Amino acid sequence: MTDVPRIIQAMILLFMTAFGGTLHAQGMQVAFGSAAQDGDLPVEVTAENLDVNQNDGTAIFTGDVVVGQGEMRLSAPRVLVVYLADGSGIARLEASGGVTLVSGEDAAEATNADYDVQTGMIEMDGDVLLVQGPAALTADRMTVDTAAGTARMNGQVSTVLQPEASQ
């Protein structure tokens with residue numbers, strides 16, 4: 001809105017606030033995290049329990065699982081790790097049971113999350129809540145592109161827009 005005169009910006013904010021105060025949309029892109037995430041950084045996992053299945057190349061971490069990569073932290077009660085077919089690294093992580101994702105000052109919660117380590121894409125679904133400072137957004141799904149430092153909210157996106165405080 002940098003090209004729009006300040007009075008029009010104020011009118012748009014007043015209009016949105018006066019008529020419901022809530023923005024509903026089918027899709028919305030927002031910044032996520034303090035900077036783009038480096039997908040080449042190591043993935044660290046801590047948990048209370050670990051079950052490894054050599055036959056299918058998976059491992060299940062349970063109990064206070066915390067996954068870290070650079071500045072990003074993901075926590076959940078259960079995380080399934082799927083290794084690359086050649087065993088050279090992690091292909092993806094599937095977190096379930098209530099997931100929290102934190103990157104910089106941004107935090108998101110959802111029922112489940114699927115992190116494709118190779119592409120840096122994280123799909124979160126089930127009552128997604130994104131908190132960025134004083135702002136909060138909810139949606140059915142959120143896709144985080146860790147390489148770009150952005151997120152896309154989809155399905156019943158909702159937020160409350162607050163007018164700027166007058167000085």
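Treat the numbers as computed from the prediction; the structure is a model and nothing was measured.
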Taking T146 for its side chain and G120 for its backbone only, find out whether a donor-acceptor pair lies under 3.5 Å. yes
Close side-chain approach of V144 and M121, heavy atoms under 4.5 Å: no
Give the other cluster members for I60, using side-chain heavy-atom distances under 4.5 Å between Ile, Leu, Val, Met, Phe, Trp and Tyr residues; answer none if it is isolated. L80, V82
Enumerate the residue pairs fulfilling side chain to side chain donor-acceptor pair (under 3.5 Å) with a member in residues 42-51, sequence neighbours excluded, ordered by first and then second residue. N49-T62
Quick one: CD on E123 to CZ on R152, what's the gap to the nearest 0.5 Å? 12.0 Å
Report yes or no: does T159 contribute a side-chain atom to a donor-acceptor pair with the main-chain N or O of L137 at less than 3.5 Å? no
Rounded at 0.5 Å granularity, tell me how far CG in N154 sits from CE in M124. 14.0 Å
Rounded to the nearest 0.5 angstrom, the OG-CZ distance for S96 and R78 is 5.0 Å
Cluster link M72 to V43, ILVMFWY, side chain under 4.5 Å: yes
Taking the side chain as everything from C-beta on, heavy atoms only, tell me whether T58 gets closer than 4.5 Å to V81. no
Using the salt bridge (Lys or Arg N to Asp or Glu O under 4.0 Å) rule, collect all pairs that involve residues 86-103, keeping only residues at least two apart or in two chains. R92-E94, R92-D114
Any side-chain heavy-atom pair of L84 and Q118 under 4.5 Å: yes
Audit row: L130, M153, side chain to side chain contact (heavy atoms under 4.5 Å, CB included) steps and yes/no: CA-CA 9 Å; L130 171 62; M153 309 285 287; 4.1 Å; yes
Would you say L74 ends up clustered with V131 if hydrophobic residues are merged whenever their side chains have heavy atoms under 4.5 Å apart, either directly or through other cluster members? no
Exam field: side chain T138 to backbone V128, donor-acceptor pair closer than 3.5 Å: no
Measuring from T100:OG1 to E109:CD, what's the distance to the nearest 0.5 Å? 4.5 Å
